[in-house]
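Have a look at the structure below before the remarks.
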Amino acid sequence: TSSAGGTYTFTYPSAFSANPVINVSVEDGGTDIITPKITAVSTTAASVSVNRTSAVTILGISVLGVVSNVASVVDICATQS
């Protein structure tokens, strides 16, 4: 599930015996900077916030632009180690 704030919550098919280790990676074909942040982890669910920052060039210098929420996430996976 997702929220208007760009937070994605997913429930595991079965509960882990302890909180799993969550790794988040982002693949994006654009020039924007995508920033994922794990916001909560439990034995039954996890939440990840995903934001996008546009790249802006001013006088030949690349600076960060406006931060916005990412509208969709394709795949999230959890493993226990």
Side-chain angles (χ1 to χ4, degrees):
T1 61
S2 63
S3 71
T7 300
Y8 297 85
T9 302
F10 53 99
T11 303
Y12 315 130
S14 59
F16 288 97
S17 58
N19 286 354
V21 174
I22 304 293
N23 294 303
V24 179
S25 64
V26 176
E27 293 182 20
D28 181 52
T31 58
D32 293 346
I33 298 167
I34 307 295
T35 308
K37 179 181 177 184
I38 299 166
T39 56
V41 178
S42 74
T43 58
T44 58
S47 296
V48 176
S49 175
V50 185
N51 294 313
R52 174 186 311 271
T53 304
S54 58
V56 177
T57 302
I58 300 173
L59 300 172
I61 300 170
S62 184
V63 296
L64 296 178
V66 177
V67 175
S68 62
N69 300 321
V70 173
S72 65
V73 172
V74 175
D75 189 23
I76 297 175
C77 180
T79 60
Q80 185 174 18
S81 59

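In this text the structure is predicted, and so the values were computed from the model without any measurement. By convention here, the first residue in the shown sequence is residue 1.
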Of all the heavy-atom pairs spanning Pro20 and Ser42, show the shortest one and how long it is.
CD-O, 3.4 Å

Who pairs with Thr11 by side chain to side chain contact (heavy atoms under 4.5 Å, CB included), at least two apart in sequence or on another chain?
Ala45

Return all side-chain donor-acceptor pairs below 3.5 angstrom for residues 33-41, not counting sequence neighbours, or 'none' if the list is empty.
residue : atom : partner : partner atom : Å
Thr39   : OG1  : Ser47   : O            : 3.2

Among all residues two or more places apart in sequence or in another chain, which pass the side chain to side chain contact (heavy atoms under 4.5 Å, CB included) test with Ile58?
Val56, Val63

Side-chain heavy-atom pair Tyr12, Thr43 within 4.5 angstrom cut-off
no

